[in-house]
Number of protein chains: 2
Amino acid sequence: MRKAASCATADMDKAEDRRCVEAEPTQARRFSQARTARSTAILEDYAELIADLTREHGEARTTDIARRLGVTLPTANKSLARLKREGLVTARPYRGVFLTEAGMAMAERVRARHRLVVDVLEALGVPTDAAETDAEGIEHYISEVTLKAFKRFLCRE
Amino acid sequence: MRKAASCATADMDKAEDRRCVEAEPTQARRFSQARTARSTAILEDYAELIADLTREHGEARTTDIARRLGVTLPTANKSLARLKREGLVTARPYRGVFLTEAGMAMAERVRARHRLVVDVLEALGVPTDAAETDAEGIEHYISEVTLKAFKRFLCRE
DNA sequence: ACATGAAGTTAGCTTAGGCTAACTTAAATG
DNA sequence: CATTTAAGTTAGCCTAAGCTAACTTCATGT
Ligand SMILES: [Mn+2]
Ligand SMILES: [Mn+2]
Ligand SMILES: [Mn+2]
Ligand SMILES: [Mn+2]
């Protein structure tokens, strides 16, 4: 067996030891939360994109979704199957894809976060294109608290 | 076949049509970049964590890595296999895990970004715990340009 | 009306990252 | 030194998300 592997190697005091032991579950919770966010990121991107396409073209076709995402048609098709399964969209074969109530709600939330993240990045001096690109990843990891802070920051600035 | 699916549905002018057609590859590139970042996010977390553990305990054991990440031992083991394969770590069986030069370089980069993201979030009014949690996801999607902007922002603030 | 080509679907492969169960190895402790 | 227990490994399962190839269905233009 191995030497209890807390923080202390030899000369560290109990206080630091306790601090490290406390840190473990905290950090685990943070990583775990990031993993959860990662697992819904794609759903969010699809929901947002379907809303955009519907707004722009009056409908969201699988081909257009795939082209905008930069993936192949079968990939989009399979991901859309997941969105259906999770009750975010409906689709009649060979017709467009439609957001359900839940899907629209998600799209709205995501769209708002997307805009907010881009605005904050730009306010911080990030050029538009980089802001849009980075926001595409960042947007999925913004908690409510952070969202609020972003809003306050943009107001008072 | 279907009606060319650009932007224009009927009454939109050529200008808007062109704008949308241009938007497609741009947006595809953005999504694609986010996918790339997503695929290295885990490598980055492992590298950063191994560096932290080594600093704190003098070594990074697989068990400690797993516990801190909140995953099972076999999961950490398998992910570490990927890090080995990609030349980021070495490991002698039943001994600790060690960062290679490349691994240390990655850990340094990631650590710097992590701190910077947390600092920016806090400067924006996000409470510490939320800042740490959100940063754990956000950090993997920060481009060089954004990094620079963050640094400038923190300086002049 | 029908030929053709785009859109959509299906099947099947790959990699990644989770998990449990079962086993092996190493190390502390009686 | 033998036992016990923690650490590590291996095998095997699952889901998600990417791909290509091959097939089917639509719808348009001649
Ligand atoms: Mn996104
Ligand atoms: Mn977005
Ligand atoms: Mn992270
Ligand atoms: Mn980190």
Side-chain angles (χ1 to χ4, degrees), chain A residues 1-6 24 28 31-47 49-50 53 57 59-86 88-98 137 140, chain B residues 1-6 24 28 31-47 49-50 53 57 59-86 88-98 137 140:
Chain A
M1 190 171 51
R2 183 169 138 263
K3 203 199 56 191
S6 302
E24 273 167 16
F31 279 119
S32 170
Q33 211 160 307
R35 282 193 296 273
T36 302
R38 194 181 53 204
S39 86
T40 52
I42 282 192
L43 300 179
E44 295 185 337
D45 282 337
Y46 273 79
L49 178 53
I50 291 166
L53 288 171
H57 303 154
E59 63 175 359
R61 307 294 295 230
T62 309
T63 301
D64 300 333
I65 295 170
R67 189 167 39 230
R68 284 258 195 133
L69 289 174
V71 298
T72 61
L73 198 47
T75 294
N77 206 271
K78 195 190 284 189
S79 295
L80 285 169
R82 184 179 164 205
L83 274 94
K84 282 178 216 161
R85 195 176 355 116
E86 306 207 2
L88 296 167
V89 306
T90 57
R92 297 185 306 290
Y94 293 95
R95 294 296 166 78
V97 174
F98 308 92
H140 309 286
Chain B
M1 189 173 54
R2 183 169 137 262
K3 205 198 54 192
S6 303
E24 272 167 16
F31 279 119
S32 171
Q33 211 159 310
R35 282 193 295 273
T36 302
R38 194 181 55 206
S39 85
T40 52
I42 283 194
L43 300 179
E44 295 184 338
D45 282 337
Y46 273 78
L49 179 53
I50 291 165
L53 288 170
H57 303 154
E59 64 175 357
R61 308 294 295 230
T62 309
T63 302
D64 300 334
I65 294 169
R67 189 168 40 232
R68 285 257 193 134
L69 289 174
V71 299
T72 61
L73 198 46
T75 294
N77 205 271
K78 196 189 284 190
S79 295
L80 285 170
R82 183 179 165 204
L83 274 94
K84 281 177 216 158
R85 196 175 353 117
E86 307 208 0
L88 296 166
V89 307
T90 57
R92 297 185 306 288
Y94 292 95
R95 295 295 167 78
V97 174
F98 308 91
H140 309 287

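Please read these numbers as outputs of a predicted model, since none were measured by experiment. In what follows, every chain begins at residue 1, and chains take the letters A, B, ... in the order their sequences are listed.
Taking atom CG of B:Leu43 as the reference point, atom P of C:dA16 lies 9 Å away to the nearest angstrom. Atom-to-atom, CZ of A:Arg95 to C1' of C:dT9 comes out at 16 Å; the value is rounded to the nearest Å. At whole-Å resolution of the value, CZ in A:Arg35 and P in D:dA17 are 16 Å apart. For the pair B:Arg38 CZ and D:dA17 C1', the interatomic distance rounds to 7 Å; values are reported in whole Å. Across the protein-nucleic acid pair, A:Leu69 atom CG and D:dA17 atom P stand 12 Å apart, rounded to whole Å. Going from atom CD1 of A:Ile65 over to atom P of D:dG18 covers 13 Å, rounded to whole Å. Per the geometry, CD belonging to A:Glu59 stands 11 Å off P belonging to D:dA27, to the nearest Å. The CG atom of B:Asp45 sits 15 Å away from the C1' atom of C:dG18 (whole-angstrom rounding).
Within the 4.0 Å cut-off from OP1 or OP2 of D:dG8, at least one side-chain nitrogen or oxygen of B:Thr63 is found. Of the side-chain N and O atoms in B:Arg92, none sit less than 4.0 angstrom from OP1 or OP2 of C:dA26. Taking 4.0 angstrom as the limit, B:Arg61 places a side-chain polar atom (N or O) nearer than this to OP1 or OP2 of D:dG8.
Residue B:Arg85 is in sugar-phosphate contact alone, with no base atom involved, counting any heavy-atom pair closer than 4.0 Å across all strands shown.
Annotation for A:Ala76 and A:Ala66: closest pair CB-CB, 3.8 Å, computed over non-hydrogen atoms.
Closest to the side chain of A:Tyr94, from the set C:dG8, D:dG18, D:dT9, is C:dG8.
Here OG1 of A:Thr63 is found 4.5 Å from CG of A:Leu73. Values are rounded to the nearest 0.5 Å. In this structure, A:Leu53 CG and A:Arg61 CZ are separated by 11.5 Å, a value rounded to the nearest 0.5 Å. In this structure, B:Ser39 OG and B:Glu44 CD are separated by 9.5 Å, a value rounded to the nearest 0.5 Å. Note: B:Asp45 CG to A:Arg35 CZ = 9.0 Å, rounded to the nearest 0.5 Å.
Legend: residues meeting side-chain contact (heavy atoms from CB on, under 4.5 Å) with A:Phe98, ordered by chain and number and at least two apart, are A:Thr90, A:Arg92.
A heavy atom closer than 4.0 Å to some atom of DNA chain D occurs in A:Val71, A:Thr72, A:Pro74, A:Thr75, A:Lys78, A:Arg82, these being the qualifying members of residues 70-83 of chain A.
When the options A:Leu88, A:Asp64, A:Leu80 are evaluated for a side chain to side chain contact (heavy atoms under 4.5 Å, CB included) with A:Ile50, the one that passes is A:Leu80.
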